[in-house]
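The structure under discussion appears below in the form of structure tokens.
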Protein chains: 2
Amino acid sequence: MKITAMTQSLVLHFGEMGSRWGLNRTLGQMYAVIVLTEAPLNADQISEALQISRSNVSMGLKELKSWNLIKLQHIPGDRKEYFSAPSDIWEIARTLVVERRKRELDPTLSTLRDALMEQPSNESDEYTQMRVKQMHDLMEMVTLWTNEMQGMSSEKLATLLKMGEGISKILDVKDKLLLR
Amino acid sequence: MKITAMTQSLVLHFGEMGSRWGLNRTLGQMYAVIVLTEAPLNADQISEALQISRSNVSMGLKELKSWNLIKLQHIPGDRKEYFSAPSDIWEIARTLVVERRKRELDPTLSTLRDALMEQPSNESDEYTQMRVKQMHDLMEMVTLWTNEMQGMSSEKLATLLKMGEGISKILDVKDKLLLR
DNA sequence: CTGAATTTTCAGTAATTTGTGAAAATTGTA
DNA sequence: TACAATTTTCACAAATTACTGAAAATTCAG
């Protein structure tokens, strides 16, 4: 499959960024081409578009599946598997947030909890546990938020995010009008 | 410098996580020991605590400086440089968010803008641009939010984050009571 | 059930990233 | 200014991660 110059340059950029996003170059490129192309793509097309081996594509697809970022579909009369990204960009964002949380926060939260269970052996450990507690509480709040986000419709999420600079004011209003 | 068993196990964990956080193993370990230790540390102490070379510490500190994650201080009568993390965990979180945004979002936002300026050469490019527009708008909103976050006090940030499941309700209330 | 089409696995290699020691540069005090 | 203490740089080595082709496994139409 041939890709346009515009797609090509975007694909290269997302490849560069891939590693910063906890993926890697190839995964970034693969997801870019899938997201930016309207029609579902099969592995051979991706392999050709990105000039990477078929086996590399297979491994990449496996990874993208584990991130829940792609949808598998079949085309009548064609035995190949075709992949596409959700058409709703908010759905992609929601998925990314929750999957990153799983990978970046959950394991740490569990380790922090373990550390809090231990008996501090001296003042140094007491300070350490104090810090651990702070981190733990913060991360738990972030987890609550990402869970909340999962339950929100794309419309509501868009509204919330659009509030941007308004959020601080809403907080004030809430304090003043609703909770006292 | 000797570190306690508790700190040791936390340091190892943060090392593991380091790479998932856009840092790397050593950087994760270094920041962990700095955050979890009450007293400011010098490069030799870090080198000894983590069993890594002095030059590696130097490079790591350089990187942590570029992330604005550590504070340099001097101890009277000692020529060495000592480093510590902010005592306010929210300050650390704010810094992490803005620095990650700089590295993970800003460059992409700029690339997406460029792509939107181009003239689509066919329908395929038109679809691509539509997707690019969606991503661009979403990322711009996230940027707005992180900017907003920078201006918020730790107390306010904690209040906001604590709202957790309440956020959705606040949104509803805002719609009903305040904007009509 | 058979076999061609398709996908996955995996061992070896290639590419990239990280870590080290030695040397250079910088700092600050006497 | 001179020099010892300290930090930084950098070329190379070590470790890790990513990619490939070939072979194995799976799928499904006939």
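In what follows, every heavy atom counts, from backbone to side chain, and hydrogens, waters and symmetry copies are set aside. By convention in this document, chain letters (A, B, ...) are assigned in the order of the sequence lines, proteins followed by strands, and residues within each chain are numbered from 1.
- In this structure, B:R25 atom CZ and C:dT20 atom C1' are separated by 14 Å, rounded to whole Å.
- A donor-acceptor contact under 3.5 Å is formed by the side chain of B:S55 with the base of C:dG21.
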| Under the side chain to side chain contact (heavy atoms under 4.5 Å, CB included) criterion, do B:Y31 and B:I70 qualify, and how do the steps go? | CA-CA 8 Å; B:Y31 203 54; B:I70 49 176; 3.7 Å; yes

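- Nucleotide C:dG3 holds its P atom 14 Å from the CZ atom of A:R79, rounded to whole Å.
- The side chain of B:N24 approaches C:dT18 more closely than any other nucleotide in the set D:dT9, C:dT18, D:dT6.
- For A:K80, the side-chain atoms get nearest to C:dT7 when compared with the rest of D:dT7, C:dT7, D:dC19.
- In this structure, CG of A:D78 is placed 19 Å from P of C:dA4, rounded to the nearest angstrom.
- Distance CZ (B:R54) to P (C:dA24): 18 Å, rounded to an integer number of Å.
- The residue among B:I52 and A:Y82 whose nearest nucleotide of DNA chain C lies closer to the 5′ end is A:Y82.
- If you check every strand for non-hydrogen atoms under 4.0 Å, A:L61 touches nothing.
- Contact annotation: A:T26 side-chain N/O to D:dC19 OP1/OP2 distance is under 4.0 Å.
- Rounded to a whole Å, the CD atom of A:E16 is 11 Å from the P atom of C:dT16.
- Rounding to whole angstrom units, CG of residue A:L27 and P of D:dC19 are separated by 9 Å.
- Atom CD1 in A:I70 sits roughly 12 Å away from atom P in C:dT7 (whole-Å rounding).
- The pair B:R94-B:E91 does not meet the salt-bridge criterion, since no charged nitrogen lies less than 4.0 angstrom from a carboxylate oxygen.
- Between the NZ atom of B:K62 and the P atom of C:dT18 there is a distance of 14 Å, rounded to whole Å.
- Heavy atoms of other residues, nucleotides or ligands lying less than 6.0 angstrom from CD of B:Q73 number more than 12.
- Environment of NZ in A:K133: sparse, with no more than 12 heavy atoms of neighbouring residues, nucleotides or ligands closer than 6.0 Å.
- Residues A:L64 and A:L36 share a single hydrophobic cluster, defined by chaining ILVMFWY side chains whose heavy atoms lie under 4.5 Å apart.
- Using a 4.0 Å cut-off, no side-chain N or O of B:K65 falls inside it from OP1 or OP2 of D:dT7.
- Counting non-hydrogen atoms under 4.0 angstrom, A:N56 reaches a base of the nucleic acid.
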